[in-house]
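Taking it in order: structure first as structure tokens, then the write-up.
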Amino acid sequence: MTAANLGARLTGWGFVVFTIGSVCWVAIGLSSGQANLLASNAFLTLVNLVGIWRWLGRQATYEDGAETAKAKSRKASVPSLFTATGVAGMAVVDAEGAPLGKAVEALVECRSGTVSYVVVATGGVAGIREALRAVPREAVDFGCDKLALTLSPTAFEALPALDGGDWPAAAVPQPVTA
């Protein structure tokens with residue numbers, strides 16, 4: 001459930017359900033004298049309680065703070081913000097505004113804090129047979145709800161496809177077209 005990254009609230013409530021189940025098994029272990037069932041589910045209850053604290057407490061506070069800042073920035077006379085974690089999953093459109101895919105990740109330079117490139121996934125279903133490409137920062141216009149590429153569909157398709165987890169140390173610079 002945590003690996004699915006369903007958000008703090010949904011994950012936290014999942015841990016509540018798991019806790020109820022493990023408490024019930026503890027009760028069965030106690031009433032039937034099954035020490036192994038009791039011990040394993042007592043441990044799972046503790047793990048699940050930590051999950052509730054983490055996801056409904058701490059992580060939910062982080063997400064609420066980020067959403068508040070994002071909403072306030074859109075109403076204020078400052079540049080609009082979006083969360084860095086929000087890049088993953090953002091819709092991506094090509095230079096003509098046609099839907100292209102979704103952003104998978106943004107790679108940030110450690111020293112400057114600027115985005116080096118954004119990995120964009122296209123095609124496929126549920127991650128099967130999708131193509132990943134590293135799009136240089138210069139070719140991405142960051143919007144609040146989507147990323148717009150300044151590349152033509154042909155230029156995007158010309159970017160090399162990434163092989164699994166072997167992503168480049170830096171984006172391939174785009175040739176200047178006249």
Side-chain angles (χ1 to χ4, degrees), residues 1-74 80-92 101-135 137 140 142-147 161-170:
M1 187 168 51
T2 57
N5 196 13
L6 301 173
R9 298 237 174 356
L10 188 57
T11 302
W13 282 105
F15 275 107
V16 169
V17 170
F18 292 158
T19 301
I20 293 167
S22 61
V23 167
C24 289
W25 283 111
V26 164
I28 292 170
L30 278 171
S31 66
S32 65
Q34 297 180 49
N36 289 339
L37 183 64
L38 173 65
S40 62
N41 281 284
F43 176 75
L44 286 176
T45 299
L46 291 175
V47 169
N48 291 329
L49 289 172
V50 169
I52 292 170
W53 169 79
R54 172 151 181 349
W55 291 100
L56 285 181
R58 193 175 63 150
Q59 191 65 31
T61 300
Y62 296 162
E63 287 182 11
D64 291 347
E67 287 301 314
T68 300
K70 184 170 91 173
K72 284 181 180 178
S73 74
R74 292 184 184 183
S80 292
L81 303 174
F82 64 89
T83 62
T85 55
V87 171
M90 269 187 152
V92 178
K102 68 176 181 174
V104 174
E105 188 64 83
L107 284 292
V108 178
E109 295 174 3
C110 294
R111 185 172 293 234
S112 68
T114 59
V115 173
S116 175
Y117 65 91
V118 175
V119 176
V120 176
T122 57
V125 176
I128 299 169
R129 298 188 46 86
E130 71 183 358
L132 301 177
R133 289 183 170 74
V135 180
R137 165 64 185 102
V140 179
F142 287 83
C144 292
D145 301 315
K146 66 181 175 189
L147 304 178
L162 304 179
D163 291 328
D166 188 21
W167 294 3

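Side chains included, hydrogens not; waters and symmetry mates left out as well; all remaining heavy atoms used.
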Does Arg137 have any side chain to side chain donor-acceptor pair (under 3.5 Å) partners at least two apart in sequence or in another chain, and if so, which? none

How close do Ala134 and Tyr117 get, counting heavy atoms only, and between which atoms? CB-CD1, 3.3 Å

A quick test of your reading: do over 12 heavy atoms of other residues, nucleotides or ligands sit less than 6.0 Å from CH2 of Trp167? yes

Can you tell me how far apart CG (Leu132) and OG1 (Thr122) are? Round to the nearest 0.5 Å. 7.5 Å

Mind checking what makes salt bridge (charged side-chain N to carboxylate O under 4.0 Å, His left out) contact with Arg58, not counting sequence neighbours? none

So Val115 and Val140, do their side chains get closer than 4.5 Å, heavy atoms only? no

How long is the gap from OG1 on Thr11 to CD1 on Ile52, to the nearest 0.5 Å? 12.0 Å

Does the side chain of Phe142 reach to within under 4.5 Å of the side chain of Val118, using non-hydrogen atoms? yes

Could you report the tightest heavy-atom contact between Met90 and Leu147, atom names first, then the distance? SD-CD2, 3.7 Å

With sequence neighbours left out, write down each residue that passes salt bridge (charged side-chain N to carboxylate O under 4.0 Å, His left out) with Asp166, or none if nothing qualifies. none

I need the minimum non-hydrogen distance between Gly123 and Glu130, along with the two atoms involved. O-CB, 3.4 Å

Nearest heavy-atom neighbours spanning Arg9 and Ala60: NH1-CB, 3.3 Å

Return the set of residues passing side chain to side chain donor-acceptor pair (under 3.5 Å) with Thr45 (not counting sequence neighbours), or none when no residue passes. Ser22

Correct closest heavy-atom pair for Ala121 and Val104 would be CB-CG2, 3.5 Å

For residues Val47 and Phe43, determine if any side-chain heavy atom of one lies less than 4.5 Å from a side-chain heavy atom of the other. yes

Non-neighbouring partners of Lys72 that pass side-chain contact (heavy atoms from CB on, under 4.5 Å), sequence neighbours left out: Thr68

Is Val135 close to Val92 at the side-chain level, that is, under 4.5 Å between some pair of heavy atoms? no

So how far is it from Asn48 CG to Thr19 OG1, rounded to the nearest 0.5 Å? 4.0 Å

Can you run down the side-chain hydrogen bond (donor to acceptor under 3.5 Å, both in side chains) pairs that involve residues 33-43, sequence neighbours left out, and say none if there aren't any? Ser32-Gln34

